[in-house]
Structures are given as C-alpha cells and as structure tokens.
Student: 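Below is a structure I'd like to ask you about.
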Amino acid sequence: MIELYSWPTGNGRRASIMLEESGLPYAVHAMDLSTKVQKQPWYLELAPHGRIPVIIDYDGGDRIVLFESGAILIYLAEKAGRLLPVAPAARAETLKWLFFATSNLSPLAMQVHRLTRLQASGRQNKSLNGSREELIILYRIMDRTLANRDFLAGDYSIADIAAYPWVYRHKLQEIQITPYPNLLAWMTRIGARPAVQRGMNTPPRSDGM
Ligand SMILES: N[C@@H](CCC(=O)N[C@@H](CS)C(=O)NCC(=O)O)C(=O)O
C-alpha cells in the first residue's frame, strides 16, 4: 500500500493522477495547506521543505519516502511499468517534456498564481506581467508541439500528467488558452480520462479549481 500526502493543487494532482492511472493501491491523507499542517515537525520529517505531495511506499519491507512530484511520477511509472517508455528514444522524449513541465512550467505558473493573488489584494507588483508573458511563451511552445502529436512526448505519458494540472488552472493565471487550439484539444483529450478526473479530485475539491 502507498500512502499519499496531498492537496488538490497543481503539484499534488500530479501524484494523485499518476496513482489513479497506475492502478496501484493507495490511501490519501488530505493536507489542507491553509492550516499549515505541511510545516508541522512530523511532516517536515517526510518533506524537509514542508510541501506536498509526498508518497510513502511500503515495498517488500522497505519504507520508501519520496517528495518532489517529478521524482514521484518517475518512481510510480517505473513501479507500475506504465507511462514512461523503456525504449531509449521514447524515454528521452518523455523525460525531456517531463522536465519541461517540472523545471519551467510549474515554477512559473506558481509564481504567476502568487503574484496574481497579491495584485488582487491591492499590492502592485512589476514582475507579474513579465512572468505571465513568460508563461504564455511556454503555452505557445506546447501548442506548437501538439500540432503534430496528440501528447507532449508522442504517446500519453508522465510528461502530460506533470503539465496538465497546471494548464488546467490557466484561469487562476488570468491566461486565455482559446488562442492555442492544439493545447485546448490536448486539455480535452486528457480531461476525458476517468483516471485523470478521479486524480484531479483527490483529495476532493469543491470549487472546481
Ligand atoms: N517542486 C515541488 C513543489 C511542491 C510545492 O510547491 N507544493 C505546493 C503546492 S502546489 C505546497 O505544498 N505549498 C505549500 C507551502 O509552500 O507551504 C514539487 O514538484 O513537488
């Protein structure tokens, strides 16, 4: 059994979608971030930066603790033998787009969310527009890539699972994605998967964001 500590945010949903896709049995521990439970000493033992998601896998007597959503995706894909190809060329393509999502897309999207919230609370900040423009450039890159393939790395993979929950929240970033038809079609394709729908709502979230 795998224990998942998470909350339905962009990074948390990567882990829950992958668990749903993998079919591996797991139990969820809801970490309501507004309560700061993620900064309590027991949790810092698991994740020293006090952030979700975390998984603990009790595998054959070992207790394997993982933080960092990208590492969790690779670990679960290898354990389940799904969504990370073994053949070198396809694996390289998948890892490239996975790291595009974890190193570029999510840090920037998180920054845009934070600055958008600050601006809404009346605090002006000069870097918001620049950060949003950079994020739009990433959306354009994805849109261009998806003109020739259905999924970021060709076949559906952990790269899509890493990117989807962040693009899903484009309204929070105050970015329209209608100008990016291939990205929109990709969103629809992924959002139609039952495992994605379950993972997006684990733990449950009522506001649809
Ligand atoms: N690089 C980490 C980032 C994790 C992260 O920033 N998680 C956010 C939610 S999306 C969080 O736990 N925020 C709460 C906090 O910083 O106190 C990953 O990919 O797992």
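Note that ligands are numbered from 1 as they come in the structure, with each ligand's atoms numbered from 1 the same way.
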Student: Without swapping roles, check the side chain of Arg149 against the backbone of Leu152 for a donor-acceptor pair under 3.5 Å.
Tutor: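 Yes, because the side chain of Arg149 sits within donor-acceptor range (under 3.5 Å) of the backbone of Leu152.
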Student: Test your reading of the structure: does Glu68 have an N or O sitting under 3.5 Å from an N or O of ligand 1?
Tutor: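 Yes.
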Student: For atom 16 (O) of ligand 1, which candidate among Arg169, Arg51, His49 provides the closest heavy atom?
Tutor: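 Looking at heavy atoms only, Arg51 sits closest to atom 16 (O) of ligand 1.
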Student: Answer yes if the ring centres of Trp166 and His113 are under 6.0 angstrom apart, and no otherwise.
Tutor: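 Distance test on ring centres: under 6.0 Å, yes.
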Student: Is any N or O atom of Ser69, backbone or side chain, closer than 3.5 Å to an N or O atom of ligand 1?
Tutor: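 Min N/O separation from ligand 1 is below 3.5 Å for Ser69.
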Student: Counting each atom of ligand 1 from 1 as listed, which ones have a heavy atom of Pro53 under 4.0 Å away?
Tutor: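 In order of numbering, the contacting atoms are 20 (O).
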Student: Do the side-chain N and O atoms of Tyr75 and Glu68 include a donor-acceptor pair separated by under 3.5 angstrom?
Tutor: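 On atom types as modelled, these side chains do not qualify, holding no pair under 3.5 Å.
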Student: Quick one: do Lys79 and Asp59 satisfy salt bridge (Lys or Arg N to Asp or Glu O under 4.0 Å)? Show the steps, please.
Tutor: CA-CA 10 Å; Lys79 186 178 173 91; Asp59 186 7; 3.4 Å; yes
Student: What residue and heavy atom of the protein are closest to atom 14 (C) of ligand 1, and at what distance?
Tutor: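 Scanning the protein heavy atoms, the shortest distance from atom 14 (C) of ligand 1 goes to Gln38 NE2, 3.6 Å.
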Student: Given Ile52, Val37, Leu73, which one has a non-hydrogen atom that is nearest to atom 8 (C) of ligand 1?
Tutor: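 Going through Ile52, Val37, Leu73 one by one, Ile52 has the nearest heavy atom to atom 8 (C) of ligand 1.
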Student: Hey, does the side chain of Ser106 reach the backbone of Ala101 with a donor-acceptor pair shorter than 3.5 angstrom?
Tutor: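 It does hold such a pair.
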Student: Going by the order shown, which atoms of ligand 1 are within less than 4.0 Å of some heavy atom of Lys39?
Tutor: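 Heavy-atom distances to Lys39 below 4.0 Å select 15 (C), 16 (O), 17 (O).
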Student: Just to confirm my output: which protein heavy-atom neighbour is closest to atom 3 (C) of ligand 1, and how far is it?
Tutor: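 That would be Asn11 ND2, 3.4 Å.
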Student: Given Ile72, Val54, Leu33, Thr102, identify the one with the heavy atom nearest to atom 13 (N) of ligand 1.
Tutor: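 Result: the heavy atom closest to atom 13 (N) of ligand 1 is in Leu33.
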Student: Taking only heavy atoms of Met110, which atoms of ligand 1 are found under 4.0 Å from at least one of them?
Tutor: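 Here the atoms of ligand 1 in question are 6 (O).
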Student: For atom 9 (C) of ligand 1, find the nearest protein heavy atom and state the residue, atom name and distance (0.1 Å precision).
Tutor: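 For atom 9 (C) of ligand 1, the nearest protein heavy atom is Thr9 OG1, 3.5 Å.
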Student: Are Glu20 and Tyr26 linked by a side-chain donor-acceptor pair shorter than 3.5 Å?
Tutor: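 The criterion, which ignores hydrogens and geometry beyond distance, is satisfied for Tyr26 and Glu20.
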Student: At what distance, to the nearest 0.5 angstrom, does CD1 of Ile55 lie from NE2 of His29?
Tutor: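 Here the interatomic distance stands at 12.0 Å.
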Student: Side chains of Trp7 and Val28, heavy atoms from C-beta outward: is any pair under 4.5 Å?
Tutor: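 Of all side-chain heavy-atom pairs linking Val28 with Trp7, none is under 4.5 Å.
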